[in-house]
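Heads up: the structure comes next, in structure tokens.
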Amino acid sequence: MTHIRKAVFPVAGMGTRFLPATKSIPKEMLPLIDRPLIQYAVDEARAAGIEEFIFVTAAGKGALEDYFDTAAALEQRLQQNGKTAALAALERTRMPEGTLSFVRQNTPRGLGHAVGLAKRLVGNEPFAVLLPDDVIRAPHGALAQMVAAHRETRGHMVATMDVPREQTSSYGILDVASEKGRLAHARGLVEKPRPDIAPSTQAIVGRYILEPSIFGRLANLGPGAGGELQLTDAINADLPDVGVNGYRFEGERFDCGSVQGFVQATVAFVMDRPELRDAFCMFMADRTAPLRNVA
Ligand code: UTP
């Protein structure tokens, strides 16, 4: 049995990088091939043994709640028409009754603020945070890898990946004190450092396992970068009392909060689907041939 039972999904962001698509639908409902982003995150959490799913939502995010609800009329129609494949596709969206909770963030005051709003629902136990924008393609779910490592380390844990040094200013970066295998014990987290002063090239991506002490830090947090309440600031504040480890997960992360990352993720996941791959490769070969000839 896992010692991490609850996961928080902060989904209250405005998704401005995807406007106008996100004007009337939540970013987390954008489909990567045929599944919305939120489904990838929930599947990863389930694979890690999560039993309770807490969504921090905002105005205009109602489609997310409906997505995980039963669609009785639709299912009945599919059944009557013998559409078994379509019915099976709905299976993934089925969540045991009572396992989903929604808490509302009225104003987008930052990721730290959003996570802090889950305090009452999380209670006094370690919990996971998954940012659905960060889609991770991995042989074994990234969160499951972290949960296994956290069983030994305890304390706060952040997922990390190596980035080229010239990109450090786009990420939170780990200040590494010592390393052992995939684990890096951190001296601190540095928000978006310039490449020449970045303490490492281990970037933090959207998976966290946090001890409940984080809620006290979040409650006392002042505005950080961009005037928002930053989760990394709260983790840093807790660092002297509760250790922080980075976990370099096995897998590939796509930033689906950006259009470029979303397109790349689509291609990567198409290549994993035998029924789509061959036709896609032929199409791309055809499309890119003129470019290759120019080169
Ligand atoms: P982002 O920085 O990607 O912000 O948030 P965003 O608003 O979603 O997207 P852009 O930049 O406007 O395109 C990172 C994560 O934190 C959540 C987001 O939903 C996303 O999962 N978040 C951010 C909140 O839940 N509340 C906030 O106030 C800010």
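All ligand and atom numbering here is 1-based and tracks the order in the structure. Just so you know, residue 1 is the first one in the sequence shown, and it goes up from there.
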Check each of [options] against [atom] and report the one with the nearest heavy atom.
| atom | options | answer |
| --- | --- | --- |
| atom 15 (C) of ligand 1 | L131, L19, T107, L229 | L131 |
| atom 24 (C) of ligand 1 | A41, G13, G226 | G13 |
| atom 29 (C) of ligand 1 | P108, G110, G257, C256 | G110 |
| atom 8 (O) of ligand 1 | M14, Q230, K27, E28 | K27 |

Is it true that a side-chain atom of [X] and a backbone atom of [Y] form a donor plus acceptor pair closer than 3.5 Å?
| X | Y | answer |
| --- | --- | --- |
| K6 | L121 | yes |
| H156 | E211 | yes |
| Q230 | A225 | yes |

Distance to 0.1 Å, residue and atom name: give those for the protein heavy atom nearest to [atom].
| atom | value |
| --- | --- |
| atom 16 (O) of ligand 1 | L111 CD1, 3.6 Å |
| atom 26 (N) of ligand 1 | Q105 OE1, 2.7 Å |
| atom 17 (C) of ligand 1 | P10 O, 3.7 Å |
| atom 25 (O) of ligand 1 | A12 N, 3.0 Å |
| atom 12 (O) of ligand 1 | T16 OG1, 2.6 Å |

Checklist entry - Heavy-atom distance from atom 5 (O) of ligand 1 to the protein below 4.0 Å? => result no
Item to check | H113 heavy atom under 4.0 Å from ligand 1 | outcome: no
Do any side-chain atoms of residues 79-90 form donor-acceptor pairs under 3.5 angstrom with protein atoms, and if so which ones, sequence neighbours left out?
{"from": "N81", "atom 1": "ND2", "to": "R77", "atom 2": "O", "distance (Å)": "3.4"}

Checklist entry - Do the rings of Y40 and F269 sit parallel, tilted or perpendicular, given the 30° and 60° boundaries? => result perpendicular
Next on the checklist: Below 30° counts as parallel, above 60° as perpendicular, anything between as tilted: where do the rings of F262 and F18 land?
Outcome noted: perpendicular
Checklist entry - Does the N or O separation between V56 and ligand 1 drop below 3.5 Å for any pair? => result no
Checklist entry - Would you say E228 has any N or O atom under 3.5 Å from an N or O of ligand 1, going by distance alone? => result no
Next on the checklist: Within the 3.5 Å criterion, strictly below it, is a donor on H140 or E250 matched to an acceptor on the partner's side chain?
Outcome noted: no
Next on the checklist: Could you go through L111 and L131, starting from their C-alpha distance and side-chain angles, then the distance that decides it, and tell me whether this counts as side chain to side chain contact (heavy atoms under 4.5 Å, CB included)?
Outcome noted: CA-CA 10 Å; L111 176 60; L131 308 190; 3.7 Å; yes
